[in-house]
Amino acid sequence: MITNFNTELLALKKLRRFSVLCFIVVSLSVYACVSNYIGMTKLKELIGRLKDKASQGKAAILSKRATLSLLRATSHDPFTPPTSNHLFTFLIAGDGSRFTASAAMELLMDRLQSTQSSAVALKCLIAVHYVLKRGSFIMRDQLPYSGGGGGKNYLNLSKFRDRSSPVSWELSSWVRWYAKHVEQLLWASRIVGFFLGVEAEEDSSQG
């Protein structure tokens, strides 16, 4: 009976050692996965910043004012909102002829539609909203408010997802919500025949 007890005690000790070993292995695996995820996230953030620097440098060399101001306003940094100065510079660069306005808005919409970064997409939507509220008529006229679809999904962002980081994933929901809000403004502007939000601003400035 003593022999059986010793055998069971030895088995329990081995089981406990095995459990501790399994716990250590699992903990190390989780730590490795988390470290790898954090490393990939930081790498993507670094790549985004390098893209911004390269694109802005190229636009500065080529003296493309609209491109440079838009790139500065819609950087990959999720913690830096677009400044009013950069947005205003973009409006000035696109103001003038219908050709320059069309080129500026095409640049903005191409960046909005091609990006996979939630930070860039959200800032592009802010820029679109800024044009809608404060841009000249010739620039506002380039907005896709006359598109089809009954005012739904003009901007084609209803399925936007950025899974590169927790912050980007959270921003993705804001991108979808904000895109829907801007689409409703564009659709309502098409229905009533004028741009909503602009008249109220002009009236307040006159008063």
Side-chain angles (χ1 to χ4, degrees), residues 51-76 80-160 175-207:
K51 284 183 178 180
D52 289 337
K53 293 294 184 182
S55 300
Q56 291 175 22
K58 181 179 178 181
I61 292 173
L62 297 176
S63 299
K64 294 185 176 181
R65 188 180 181 188
T67 303
L68 182 58
S69 59
L70 178 63
L71 290 173
R72 286 175 173 172
T74 60
S75 66
H76 285 76
T80 305
T83 66
S84 57
N85 181 48
H86 291 152
L87 292 173
F88 182 73
T89 304
F90 175 71
L91 292 186
I92 296 299
D95 198 9
S97 67
R98 185 168 294 274
F99 175 79
T100 56
S102 177
M105 291 308 302
E106 183 178 356
L107 183 69
L108 172 57
M109 298 309 297
D110 284 347
R111 185 160 175 79
L112 176 60
Q113 295 297 326
S114 63
T115 187
Q116 296 179 346
S117 167
S118 57
V120 174
L122 190 59
K123 293 176 186 182
C124 285
L125 288 170
I126 292 174
V128 172
H129 198 183
Y130 194 85
V131 171
L132 180 61
K133 288 180 63 66
R134 303 197 177 188
S136 64
F137 176 83
I138 200 169
M139 282 196 73
R140 297 197 304 266
D141 198 43
Q142 306 303 314
L143 290 168
Y145 76 102
S146 60
K152 298 181 179 179
N153 206 25
Y154 286 167
L155 304 177
N156 195 28
L157 294 172
S158 60
K159 297 181 180 179
F160 184 89
V175 169
R176 297 191 298 273
W177 176 84
Y178 198 10
K180 185 176 181 181
H181 173 66
V182 173
E183 285 167 352
Q184 288 176 342
L185 286 176
L186 295 174
W187 173 74
S189 297
R190 177 175 68 91
I191 295 299
V192 300
F194 60 87
F195 297 98
L196 298 177
V198 178
E199 289 292 333
E201 184 177 333
E202 292 177 352
D203 291 342
S204 61
S205 64
Q206 292 176 0

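FYI, the numbering just counts along the sequence from 1. Computation of the quantities below employed the complete heavy-atom set of this structure, encompassing side-chain atoms and omitting hydrogens, waters and symmetry-equivalent molecules.
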Fill in: Rounded distance (nearest 0.5 Å) linking atom OH of Y178 with atom CD of E183
12.5 Å
Practice prompt. Could you tell me which residues satisfy side-chain hydrogen bond (donor to acceptor under 3.5 Å, both in side chains) with S118, sequence neighbours excluded, listed by chain and number?
Written response: D162
Item to complete: Please list, chain by chain and in numerical order, all residues satisfying side chain to side chain contact (heavy atoms under 4.5 Å, CB included) with N85, sequence neighbours excluded.
Response: T83, T89
Worksheet item: What is the distance from atom CG of L108 to atom CD of Q113, rounded to the nearest 0.5 Å?
Response: 10.0 Å
Practice prompt. Looking only at non-hydrogen atoms, find the nearest pair between L125 and A179 and report the distance.
Written response: CD1-N, 3.7 Å
Worksheet entry | Exercise: identify the closest heavy-atom pair between R176 and L157 | CG-O, 3.5 Å
Worksheet item: T80: what forms a side chain to side chain contact (heavy atoms under 4.5 Å, CB included) with it, not counting sequence neighbours?
Response: D77, K123
Worksheet entry | Smallest separation among heavy atoms of A73 and P82, with atom names | O-CB, 3.0 Å
Practice prompt. Calculate, to the nearest 0.5 Å, the distance between atoms CG and OG belonging to D141 and S189 respectively.
Written response: 11.5 Å
Worksheet item: CD of Q116: more than 12 outside heavy atoms within 6.0 angstrom?
Response: no
Item to complete: Give a yes or no on whether the backbone of L112 and the side-chain of T115 come within a donor-acceptor separation of less than 3.5 Å.
Response: no
Discussion item. What's the separation between atom CD1 in I191 and atom CD in Q184, rounded to the nearest 0.5 Å?
Written reply: 12.5 Å
Worksheet item: Which heavy atom in M139 sits nearest to a heavy atom in L91, and how many Å separate them?
Response: SD-O, 3.5 Å
Practice prompt. May I ask you to test the H129-H181 pair for a side-chain heavy-atom distance under 4.5 Å?
Written response: yes
Fill in: Partner set under side-chain hydrogen bond (donor to acceptor under 3.5 Å, both in side chains) for Y130, not counting sequence neighbours
none
Item to complete: Mind checking ring pair (Phe, Tyr, Trp, His ring centres under 6.0 Å) for F160 and listing every partner two or more places apart, or none if nothing turns up?
Response: none
Response to the item:
Hits for side chain to side chain contact (heavy atoms under 4.5 Å, CB included) against I138, two or more places apart or cross-chain, chain-then-number order -> D95, R98, A101, S136
Discussion item. Working to the nearest 0.5 angstrom, can you tell me the gap between T74 OG1 and R111 CZ?
Written reply: 3.5 Å
Discussion item. As an exercise, state the distance from CG of L186 to CG of L143, rounded to the nearest 0.5 Å.
Written reply: 6.0 Å
Discussion item. What verdict does the side-chain contact (heavy atoms from CB on, under 4.5 Å) test give for L71 and H86, after you've listed the backbone C-alpha separation in whole Å, the side-chain angles of each residue and the deciding distance to 0.1 Å?
Written reply: CA-CA 9 Å; L71 290 173; H86 291 152; over 6 Å; no
Worksheet entry | Minimal non-hydrogen separation, S97 against T100, with atom names | O-OG1, 2.9 Å
